[in-house]
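Residues take their numbers from the sequence shown, with the count starting at 1.
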Amino acid sequence: MHIPSPPANGFHLGPLYIHYYGLMYVIGITLAILITQRRWQRMGGDAGLVGDVALWAVPAGIIGGRIYFDITTPQYIPHHWYGVFAVWDGGLGIWGGIALGAAAGIWRVRRAGANAGLFADAVAPALLVAQAVGRIGNYFNKELFGGPTSLPWGLYIPPGSRPAGYLSFTTFQPTFLYELIFDLALAGGLVWLGHHRAIKVPGLFALYVTGYSAFRIFEESLRVDPSEHFLGLRLNMYVAIVGTVAGGVWFWYTQRRGKGLPSNTPDIAAASPAGDGAVTADAAVDGAAAGTGERPAGIEGEPAGAADADGTTETAADTGPGGEPHAEVGADVGADRSGEAPPAS
């Protein structure tokens with residue numbers, strides 16, 4: 001008993017040959033956009049921003065993913081002049097894709113005047129769903145598997161796809177399947193935490209980095225496909241370790257020292273200024289008041305004044321301590337009532 005390998009890695013659509021690998025990425029990206037739009041709207045944000053960010057972040061992520069793949073697995077680059085660009089033949093490296101895609105996304109979010117940390121919390125579970133769907137493409141490509149195994153869910157790999165030194169083995173660990181299951185579980189966990197726990201912004205994204213990186217440590221210990229090694233370990237292992245530590249420290253800092261509000265604060269996206277995720281209580285209160293058509297309460301140090309019915313404002317220069325009119329104003333009133341000029345002081 002074992003998991004069979006797919007008979008083909010694509011299908012014909014007229015003159016075109018559609019690769020399942022690419023199709024899964026398209027489906028995953030589409031789901032990520034839809035999920036992020038829903039989460040961003042629940043936070044009070046504009047759904048149109050998600051589409052704008054995707055127009056820039058998705059191409060940047062593909063470019064970054066291919067660059068990372070070419071650097072870490074040069075032996076998998078097709079022997080053509082266009083081999084370094086052939087994303088359909090070899091694949092993408094998730095680390096490079098997330099890094100460059102996130103950089104482009106942060107740029108677009110801040111350019112729109114929205115909060116990048118809050119947007120990251122909205123997109124974190126969606127990224128995991130996209131990654132899980134993308135792993136189905138690895139199955140059709142007969143890649144991303146681990147060492148030999150006799151487990152019932154072992155994946156049969158045909159001889160032509162087995163790495164050197166493993167030609168005598170037939171079934172291997174389906175690490176792509178392990179990651180698929182983990183990605184969906186972590187996505188569900190982040191959504192639950194966002195609804196039921198006060199996780200300060202951008203804590204959910206920090207947990208995404210921490211959790212996914214930690215799982216990759218386990219996954220990299222199983223994989224046997226060719227990769228660049230350093231001091232006996234796969235290069236991805238070092239990246240996963242750094243990601244786990246950095247993500248954990250980032251999460252601790254945002255929750256213990258950060259000034260951000262929880263991402264489940266009602267309409268927090270409408271109240272939050274652009275920045276690194278530190279959405280403060282004052283910004284949320286002021287934004288919520290403005291959103292209901294009320295004038296936000298004045299802050300400490302704001303000049304005293306009151307708005308008239310026609311929209312004009314009486315400034316501090318026209319009032320005395322406590323808001324009463326200055327002596328000159330009172331004098332004018334007195335002169336009107338008595339018909340005499342006030343005495344000189």
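- Cluster annotation: Leu128 is not connected to Ile217 through the hydrophobic network of ILVMFWY side chains, with a link wherever side-chain heavy atoms come within less than 4.5 Å.
- Put simply, the side chain of His195 reaches to within 4.5 Å of the side chain of Arg42, judged on heavy atoms.
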Trace of the side-chain contact (heavy atoms from CB on, under 4.5 Å) decision for Ile106 with Arg110: CA-CA 6 Å; Ile106 290 171; Arg110 289 187 171 179; 4.0 Å; yes
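- In this structure, the side chains of Phe205 and Leu190 stay at 4.5 Å or more apart for every pair of heavy atoms.
- Remark: Ile199 CD1 to Leu207 CG distance equals 6.5 Å, nearest 0.5 Å.
- Among residues two or more places apart in sequence or in another chain, the side-chain contact (heavy atoms from CB on, under 4.5 Å) test is passed with Thr254 by Pro202, Trp250, Phe251.
- Side chains of Phe182 and Leu186 form a contact here, defined as non-hydrogen atoms less than 4.5 Å apart.
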Check the pair Tyr139 / Asn9 against side chain to side chain donor-acceptor pair (under 3.5 Å), numbers first and verdict last. CA-CA 9 Å; Tyr139 167 69; Asn9 67 347; over 6 Å; no
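- Pro262 and Val201 make their closest contact through C-CG2, 4.3 Å (heavy atoms, listed as atom of the first residue, atom of the second, distance).
- Side-chain heavy atoms closer than 4.5 Å link hydrophobic residues (I, L, V, M, F, W, Y) into clusters, and following such links, possibly through other members, connects Tyr208 to Trp95.
- A side-chain donor-acceptor contact under 3.5 Å links Thr244 to the backbone of Ala240.
- Under the ring-ring contact (aromatic ring centres under 6.0 Å, His included) criterion, the residue pairs touching residues 100-134 are Trp40-Phe119, Trp56-Trp107, with sequence neighbours excluded.
- No continuous path of ILVMFWY side-chain contacts below 4.5 Å connects Met237 to Val242, so the two sit in separate hydrophobic clusters.
- In this structure, Arg162 and Leu167 approach most closely via the heavy-atom pair NH1-O, 2.7 Å.
- Heavy atoms from other residues, nucleotides or ligands lying under 6.0 Å from CZ of Phe11 number more than 12.
- With hydrogens and angles disregarded, a donor-acceptor distance shorter than 3.5 Å links the side chain of Asn115 to the backbone of Gly117.
- Rounding to the nearest 0.5 Å gives a distance of 9.5 Å between CZ of Arg39 and CG of Leu118.
- One hydrophobic cluster holds both Ile3 and Tyr166 under the rule that ILVMFWY side chains link at heavy-atom gaps under 4.5 Å.
- Side-chain N or O atoms of Gln37 include none that pairs as donor or acceptor with a backbone N or O of Val50 at under 3.5 Å.
- No side-chain heavy atom of Leu261 sits less than 4.5 Å from a side-chain heavy atom of Lys200.
- Side-chain contact between Asn141 and Phe176: absent, with no pair of heavy atoms (C-beta onward) separated by less than 4.5 Å.
- Among pairs with a residue in residues 173-191, those fulfilling side-chain hydrogen bond (donor to acceptor under 3.5 Å, both in side chains) read Arg135-Glu179, Trp153-Tyr178, Gln173-Tyr178, Glu179-Tyr212, at least two apart in sequence or across chains.
- The two residues Gly247 and Val209 come nearest to each other via the heavy atoms CA-CG1, 4.1 Å.
- With Lys142 contributing its side chain and Pro6 its backbone, the two residues share a donor-acceptor pair below 3.5 Å.
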Checking side-chain contact (heavy atoms from CB on, under 4.5 Å) for the pair Glu220/Leu233: CA distance, chi angles, key distance, verdict? CA-CA 9 Å; Glu220 292 299 322; Leu233 294 178; over 6 Å; no
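- The distance from atom OH of Tyr156 to atom OG of Ser161, rounded to the nearest 0.5 Å, is 9.5 Å.
- Interatomic distance, CD1 of Ile18 versus NE2 of His12, reported as 10.0 Å (0.5 Å rounding).
- If you chain together hydrophobic residues whose side chains sit under 4.5 Å apart, Leu184 and Val191 never meet in one group.
- A donor-acceptor pair is defined here as one N or O able to donate and one able to accept, closer than 3.5 Å; such a pair exists between the side chain of Ser221 and the backbone of Phe218.
- Aromatic ring pairs are classed by plane angle as parallel below 30°, tilted from 30° to 60° and perpendicular above 60°; the pair Phe172 and Phe169 is perpendicular.
- Counting only heavy atoms from C-beta outward, the side chains of Leu155 and His2 never approach each other to under 4.5 Å.
- Summarising the geometry, atom CZ belonging to Phe140 is positioned 9.0 Å from atom CG belonging to Leu23; distances are rounded to the nearest 0.5 Å.
- Nearest heavy-atom pair across Gly203 and Gln255 is CA-NE2, 3.6 Å.
- Listed here is the closest heavy atom pair of Ala54 and Ile33: CB-CD1, 3.7 Å.
- Remark: aromatic rings of Tyr238 and Phe230 are close, center separation under 6.0 Å.
- The two residues Thr210 and Gly248 come nearest to each other via the heavy atoms OG1-N, 3.0 Å.
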Would you sort out whether Thr30 and Tyr25 count as a side-chain contact (heavy atoms from CB on, under 4.5 Å), showing the intermediate values? CA-CA 8 Å; Thr30 302; Tyr25 266 84; over 6 Å; no
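- Within the model, atoms CD1 of Ile157 and OG1 of Thr171 stand 9.5 Å from one another, a figure rounded to the nearest 0.5 Å.
- Side-chain atoms of Tyr20 never come within 3.5 Å of backbone atoms of Asn138 as a donor-acceptor pair (strictly under, hydrogens ignored).
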Worked check of side-chain contact (heavy atoms from CB on, under 4.5 Å) between Ile94 and Phe69: CA-CA 8 Å; Ile94 189 65; Phe69 175 88; over 6 Å; no
